[in-house]
Amino acid sequence: MLRFPSRPPKPKLVVAIVVDQFRYDYLTRFRKDYSAGISRMLEGGAVFTNAHYEQMPTVTAVGHSIFLSGAMPSVSGIVGNTWFDRESGRQVTSVCDYAVKLLGV
C-alpha cells in the first residue's frame with residue numbers, strides 16, 4: 001500500500017512585503033548589509049528571482065492586487081489607483097471605504 005506524506009498545515013498568517021521600485025538585484029548586491037528581518041526572509045522565506053506579470057498600467061494598486069491575488073485587473077476590478085465606481089456613482093481609490101469614518105477628520 002502506498003503512503004503519501006501528509007500535507008503541511010495551512011499557514012495562519014501570510015506576510016507579503018512589497019517595496020515599490022526596489023530592484024531585485026539589490027537583494028543580492030547589498031546582501032552583506034542585511035541582517036535580522038530581511039536576512040531572515042531571504043534565508044527562510046519564498047524568494048522569486050524571475051517573477052513577472054504582464055500588467056498595464058504599472059501603478060501601485062494594480063501591482064499589489066495582482067501580487068496578492070493573482071487576478072488580473074479584468075477579474076479583480078482594480079484597474080488603477082483610482083477609478084469610477086458605477087454602483088456608487090463616485091470616484092474611488094484603492095484604499096477608500098466610504099462606510100468608515102476616518103479618525104481625525
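Numbers here simply count residues along the sequence, with the first being 1.
- Identified under the salt bridge (charged side-chain N to carboxylate O under 4.0 Å, His left out) test for residues 42-69, with sequence neighbours left out: Arg31-Glu43.
- When all heavy atoms are compared, the tightest approach of Gln91 to Thr82 is NE2-OG1, 3.3 Å.
- With sequence neighbours excluded, no residue forms a salt bridge (charged side-chain N to carboxylate O under 4.0 Å, His left out) with Arg40.
- Summarising the geometry of Ile17 relative to Met41, their closest heavy-atom pair is CD1-SD, 3.4 Å, with the distance given to 0.1 Å.
- The nearest pair of heavy atoms linking Pro11 to Val14 is CG-CG2, 4.0 Å.
- Residue pairs meeting the salt bridge (charged side-chain N to carboxylate O under 4.0 Å, His left out) criterion with at least one member in residues 64-92, sequence neighbours excluded, do not occur.
- When all heavy atoms of Ala61 and Gly80 are compared, the pair lying nearest together is CB-O, 3.5 Å.
- Within the structure, the ring-ring contact (aromatic ring centres under 6.0 Å, His included) test picks out the following pairs touching residues 12-36 (sequence neighbours left out): Phe22-Tyr26, Tyr26-Phe30.
- Legend: residues meeting salt bridge (charged side-chain N to carboxylate O under 4.0 Å, His left out) with Asp25, ordered by chain and number and at least two apart, are Arg23, Arg29.
- By the side-chain hydrogen bond (donor to acceptor under 3.5 Å, both in side chains) test, Thr60 pairs with Asp20, sequence neighbours left out.
- No chain of hydrophobic side-chain contacts below 4.5 Å, direct or via other Ile, Leu, Val, Met, Phe, Trp or Tyr residues, connects Val75 to Ile78.
- Val47 and Ile38 fall within the same hydrophobic cluster, where Ile, Leu, Val, Met, Phe, Trp and Tyr residues are linked whenever their side-chain heavy atoms come under 4.5 Å apart, directly or through other members.
- Across every non-hydrogen atom of Ala71 and Ile66, the tightest pair is O-CG1, 3.4 Å.
- Cluster membership for Phe84 and Val95, using ILVMFWY side-chain heavy atoms within less than 4.5 angstrom, is not shared.
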